[in-house]
Structure formats: structure tokens, C-alpha cells
Amino acid sequence: RKEVEQDPGPFNVPEGATVAFNCTYSNSASQSFFWYRQDCRKEPKLLMSVYSSGNEDGRFTAQLNRASQYISLLIRDSKLSDSATYLCVVARFMDTGRRALTFGSGTRLQVQP
Amino acid sequence: SAVISQKPSRDICQRGTSLTIQCQVDSQVTMMFWYRQQPGQSLTLIATANQGSEATYESGFVIDKFPISRPNLTFSTLTVSNMSPEDSSIYLCSVEGRGLTDTQYFGPGTRLTVL
């Protein structure tokens with residue numbers, strides 16, 4: 001089983017739609033959680049951190065459920081520019097004190113006019 | 001977040017040759033990370049590079065194949081040695097942001113094609 005699992009998609013949605021992505025992680029020692037966005041042929045860029053209380057940034061809402069080891073990302077009022085691959089990322093501290101990130105394989109979103 | 005640059009941005013190489021990728025950061029950082037992203041896949045950590053010590057390699061990656069240098073706190077290189085077509089990938093360096101809950105920020109990547 002992969003340490004971080006995502007639905008690969010693609011999700012094809014019309015402009016203005018609301019779309020939700022889910023992610024599950026297997027390591028209960030995971031401490032920090034993030035969503036990254038990766039455009040085609042570009043590097044991943046941090047979209048937002050995910051907190052237990054849930055957090056919102058404009059049209060984007062991220063939620064974390066530690067008991068179920070589940071993370072979600074909700075995008076409201078989708079724009080054409082939201083088309084990208086969304087990576088779920090989980091971090092934990094190793095015995096060495098180093099922080100290790102594990103990346104999901106990504107969910108592809110295509111917003112259509 | 002730090003500004004990270006990589007050279008080259010892309011290259012096409014013959015099998016059996018080696019390529020050295022450079023990563024430059026605009027501020028001093030303790031750790032730098034090298035990742036690989038194969039076509040259609042997510043990111044896999046190759047190794048962590050600390051200044052003044054040997055790099056720490058992840059399972060499945062060895063120093064002979066991916067030697068790393070870290071001569072100072074703003075620069076690192078990754079060499080892909082004795083390349084084969086299976087090494088065709090995007091190679092990305094990253095650095096940690098500040099703070100305990102901060103994450104990593106990535107350079108633009110080097111797109112490598114091995115013929």
C-alpha cells in the first residue's frame with residue numbers, strides 16, 4: 001500500500017463548479033500536511049498547509065481528519081487557471097531530526113470553459 | 001520562500017555518459033534535497049545534502065550512481081552517472097522553509113532525456 005494515496009483523476013469540471021479531492025495517508029506518525037499544485041512541465045508549488053481545524057484561502061478549503069488519516073481539498077468556483085495536478089504531501093520527523101516529505105501521485109484537474 | 005535556480009534546465013544525453021546538475025539558492029540553508037520525478041509519477045527523494053558532511057541517500061539510490069556535492073550553504077550539485085534511458089526524468093532540488101511546520105520549496109527542475 002502506498003504511504004500517500006490519491007485518486008489520479010482526471011477530474012473534468014466546467015468553470016464555476018465545485019470540486020473536491022481526497023487523500024489518505026498510512027503513517028499515523030505523520031505530523032504536517034500540505035497541498036501542492038504542479039502545472040504541466042513545472043515544479044510543484046505550495047498551495048496551502050492543512051491544519052486539524054481546517055483552513056481556507058479564498059476559493060480553496062483544506063481539511064484534515066487525523067482519526068481517519070484523511071486530507072481533503074475543496075475548490076469552489078473553479079477557474080480555467082485551476083487546471084493542474086494537485087499533490088497531497090505528508091511530512092514527519094525522522095529519528096535523525098530530519099523532516100521527510102512523502103508525495104502522493106497527484107490528482108489531475110481539468111477545468112473546461 | 002527562497003529563490004532557487006537550477007542548471008541546466010534540460011539536456012539530452014547519450015547512454016553511458018554523466019550529467020551534473022547545479023542548484024543555487026539565494027540564501028543560506030542547512031539542508032538541500034534532490035528529488036526525481038519520472039514521467040507521469042510523483043516525486044521521489046533521492047538524497048539529502050548537508051553542508052560539511054556526506055549526503056544521506058534514500059533506499060534504492062546509491063552514491064556511485066548519484067554523487068552529490070555540497071561545498072557551501074547556498075549550492076549543491078547532483079551527478080547522474082553512467083546514464084541509461086531509465087534515468088530520463090525531471091530532477092528537482094528543494095530547500096526547507098523556515099519554521100517547524102513549514103515545508104519545502106522547489107527549484108524549476110532539470111528535464112533529462114537519455115537516448
Side-chain angles (χ1 to χ4, degrees), chain A residues 2-10 21 23-25 27 30-53 55 57 62 64 66 71 73 84-108, chain B residues 1-7 9-10 21 23 25 29-51 53-61 88-113:
Chain A
K2 289 182 182 177
E3 196 168 332
V4 179
E5 296 216 49
Q6 293 182 251
D7 181 342
F21 304 140
C23 170
T24 57
Y25 60 96
N27 193 326
S30 301
Q31 294 158 311
S32 304
F33 309 88
F34 310 92
W35 284 101
Y36 277 72
R37 170 194 170 126
Q38 187 171 26
D39 292 287
C40 188
R41 295 179 174 267
K42 297 285 189 181
E43 75 274 20
K45 292 187 177 174
L46 179 65
L47 178 65
M48 59 198 303
S49 301
V50 188
Y51 304 117
S52 296
S53 54
N55 47 303
D57 183 1
L64 165 66
R66 284 189 185 266
I71 305 157
L73 177 67
T85 297
Y86 291 83
L87 303 172
C88 175
V89 181
V90 172
R92 60 187 170 93
F93 279 101
M94 311 290 282
D95 293 340
T96 55
R98 180 172 65 85
R99 185 188 296 131
L101 296 190
T102 303
F103 287 77
S105 53
T107 298
R108 186 151 181 269
Chain B
S1 61
V3 175
I4 308 168
S5 60
Q6 283 185 237
K7 287 184 193 178
S9 58
R10 59 177 63 228
I21 302 168
C23 180
V25 189
V29 293
T30 305
M31 289 192 283
M32 295 175 76
F33 306 88
W34 286 99
Y35 287 82
R36 180 173 74 183
Q37 187 173 28
Q38 293 180 304
Q41 305 290 316
S42 192
L43 283 77
T44 301
L45 181 64
I46 297 172
T48 302
N50 292 328
Q51 195 269 333
S53 63
E54 282 206 3
T56 304
Y57 288 82
E58 299 299 307
S59 175
F61 298 97
S88 298
S89 188
I90 300 172
Y91 292 86
L92 300 119
C93 69
S94 77
V95 302
E96 282 191 324
R98 302 184 190 280
L100 289 176
T101 58
D102 210 344
T103 184
Q104 291 178 15
Y105 299 91
F106 288 85
T110 295
R111 184 175 294 271
L112 171 62
T113 301

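Given the structure is predicted, the values throughout are model-derived calculations rather than measurements. Residue numbers begin at 1 in each chain, while the letters A, B, ... track the order of the sequences.
In this structure the side chain of A:R41 reaches within 4.5 angstrom of the side chain of B:R111, judged on heavy atoms. Taking the side chain as every heavy atom from C-beta outward, B:Y35 and A:L101 approach each other to under 4.5 Å.
Shown here is A:E3, whose CD atom has more than 12 heavy atoms of other residues, nucleotides or ligands within 6.0 Å.
Heavy atoms closer than 4.5 Å to chain B are found in the side chain of A:Q38, but not in its backbone. Heavy atoms closer than 4.5 Å to chain B are found nowhere in A:F33, neither backbone nor side chain. Interface remark: A:R108 contributes no atoms to any contact with chain B (heavy atom separation under 4.5 Å).
Interface check for chain A: of the options B:I90, B:T44, B:T48, the most heavy-atom pairs under 4.5 Å are formed by B:T48. Annotation: maximal heavy-atom pairing with chain B below 4.5 Å, among A:A100, A:S105, A:G106, occurs at A:S105.
With hydrogens and angles ignored, the 3.5 Å screen pairs a side-chain donor or acceptor of B:S42 with a backbone N or O of A:G104.
A centroid separation of 6.0 Å or more is found between the aromatic rings of B:F33 and A:F103.
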Using side-chain contact (heavy atoms from CB on, under 4.5 Å), reason through B:L43 and A:L87 one step at a time and then give a plain yes or no.
CA-CA 10 Å; B:L43 283 77; A:L87 303 172; 4.1 Å; yes
